[in-house]
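Per chain, numbering begins at 1; letters A, B, ... match sequence-line order.
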2 protein chains.
Amino acid sequence: MPIGPSIAEIAALADDPARANMLAALMDGRALTASELAYTAGVTPQTASGHLAKLSQGGLLALAKQGRHRYYRLASPLVGRMLESIMAVVAIEAPPRHRPRSPREDALCFARTCYDHLAGRLGVAITEALVEGRHLVLGEDGGEVTEEGAALLRERVGIDIAAVAQGRRRAFCRPCLDWSERRPHIAGALGAALAERCFALGWIVRLRDTRAVAITTAGRPALRAAFGVDLR
Amino acid sequence: MPIGPSIAEIAALADDPARANMLAALMDGRALTASELAYTAGVTPQTASGHLAKLSQGGLLALAKQGRHRYYRLASPLVGRMLESIMAVVAIEAPPRHRPRSPREDALCFARTCYDHLAGRLGVAITEALVEGRHLVLGEDGGEVTEEGAALLRERVGIDIAAVAQGRRRAFCRPCLDWSERRPHIAGALGAALAERCFALGWIVRLRDTRAVAITTAGRPALRAAFGVDLR
DNA sequence: GCGGCGCTTCGGCGGGCGCCGAAACGTCCC
DNA sequence: GGGACGTTTCGGCGCCCGCCGAAGCGCCGC
């Protein structure tokens, strides 16, 4: 039972730019329609349809019919993890070519959700600020919050570290290599809690039809006060 | 900057059965020669050479020249993580087809190393025995050892949980979906420590030219005594 | 029921890539 | 230095697959 063919089968589903774009667009867990995905991927609807059929049949996508629309989403968090790990490999070897970026891309690079946590310059900045201030120790495969960090997160963000770590059924804290910044940001239960609090406190808001998020006018000073993060 | 093309580029490197076989063979971190990889992949040396060139140029493999041999290995642990996550996706949707297996494949399914920890029936059996006995609580993204578990590992295997958890620079314990068993086994620092102790205690030995490991005559009763694991 | 829309299926074109045989290059050993 | 061996390069064949235009199917709203 050579395992190669099975791996190749799955990898082949992501080896096409159009399909990869679709998968990337679905990485935040939302469900998108076939046309939205066609547009995102930059192909005609009929071509997209073929791709979506392959991805569904391959088990990467789940389909929900709703009226005349068809909503596709990632079939499992494991699929998202796979894409995340592919992006991590992309990030490490990324040739330092600087390509021109559109405003839309700029927004994504500035701040976005990666599943349930924050990525982009904002996500990385918060992460590095916490590490810099000895509030967080981050390794290549995990991380832990220091006592000072626990105090800071409780007092300034309203996160109860003990509650977040509760049971440890999911990883408490793990680094997620940011494809745009090529540096790690915080994922896992802690990453989710951080993002959740930032939304709840009104520091950041989601932008329409994208994974990008923006810092609110109230959020800017709040983020500076909490983490010392002040992005332009 | 659509990220799709970059993802596709990496995925394309694994979308060929021959290349996927090569990558899978390198998953334990060893370095193999071009001919060994050609044989593993089931292609002629000249074909393999082309594949290896692509994988190297793509940044997935690192090359070390040694005399007239060329040793290839995974360029980074991140590459291994990527393959692991692809295998996880393979495992979840795996059609329950039972293919005939060769003795060589049987040995791999029975017990093997997955990087620095144990996989296959042995790895899964140990994991499930620990969970069953309430020595370990395993979630879908992490896990933790109970007090009873810490005592068991210290007394019977000689693992100092506190030392293993030291610093948490790498994930203490995370589940790794086993492609042959389709159930999780223990990875992370704990998984590495378990494997290391089993080798050190002489309970298991590596088999030649493969990632497979075998249980020694001394190991069989020891594994039964320590974990209640008794594989045929 | 008729038109519009979202989505899929079909068919044919074109390009890219994996494959191997043959041959060249470099290293080791006698 | 000659011969064997490990590895790579080159060239040509063949196949697979992504692409789009055209057409078909199902759901919606007037």
Grab the [atom1]-[atom2] distance between [X] and [N] for me, whole Å please.
X      : N       : atom1 : atom2 : value
E36(A) : dG6(C)  : CD    : P     : 11 Å
D16(A) : dC16(D) : CG    : P     : 18 Å
Q57(A) : dT9(C)  : CD    : P     : 10 Å
Y71(B) : dG6(D)  : OH    : P     : 11 Å
L32(B) : dG6(D)  : CG    : C1'   : 15 Å
H51(A) : dG18(D) : NE2   : C1'   : 6 Å
L55(A) : dG18(D) : CG    : P     : 10 Å

Checking [Y] against [X]: is there a side-chain donor and acceptor pair closer than 3.5 Å?
X       : Y       : result
R121(B) : S180(B) : no
S6(B)   : E9(B)   : no
S76(B)  : R81(B)  : no

(message) Check the orientation of F227(B) and W203(B). Use parallel for under 30°, tilted for 30 to 60°, and perpendicular for over 60°.
(response)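 Taking W203(B) first and then F227(B), their aromatic rings stand perpendicular (interplane angle over 60°).
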
(message) Looking at H69(B), I'd like to know whether one of its side-chain N or O atoms comes within less than 4.0 Å of OP1 or OP2 on dC5(D).
(response)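 So the side chain of H69(B) is outside the cut-off, no N or O lying under 4.0 Å from OP1 or OP2 of dC5(D).
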
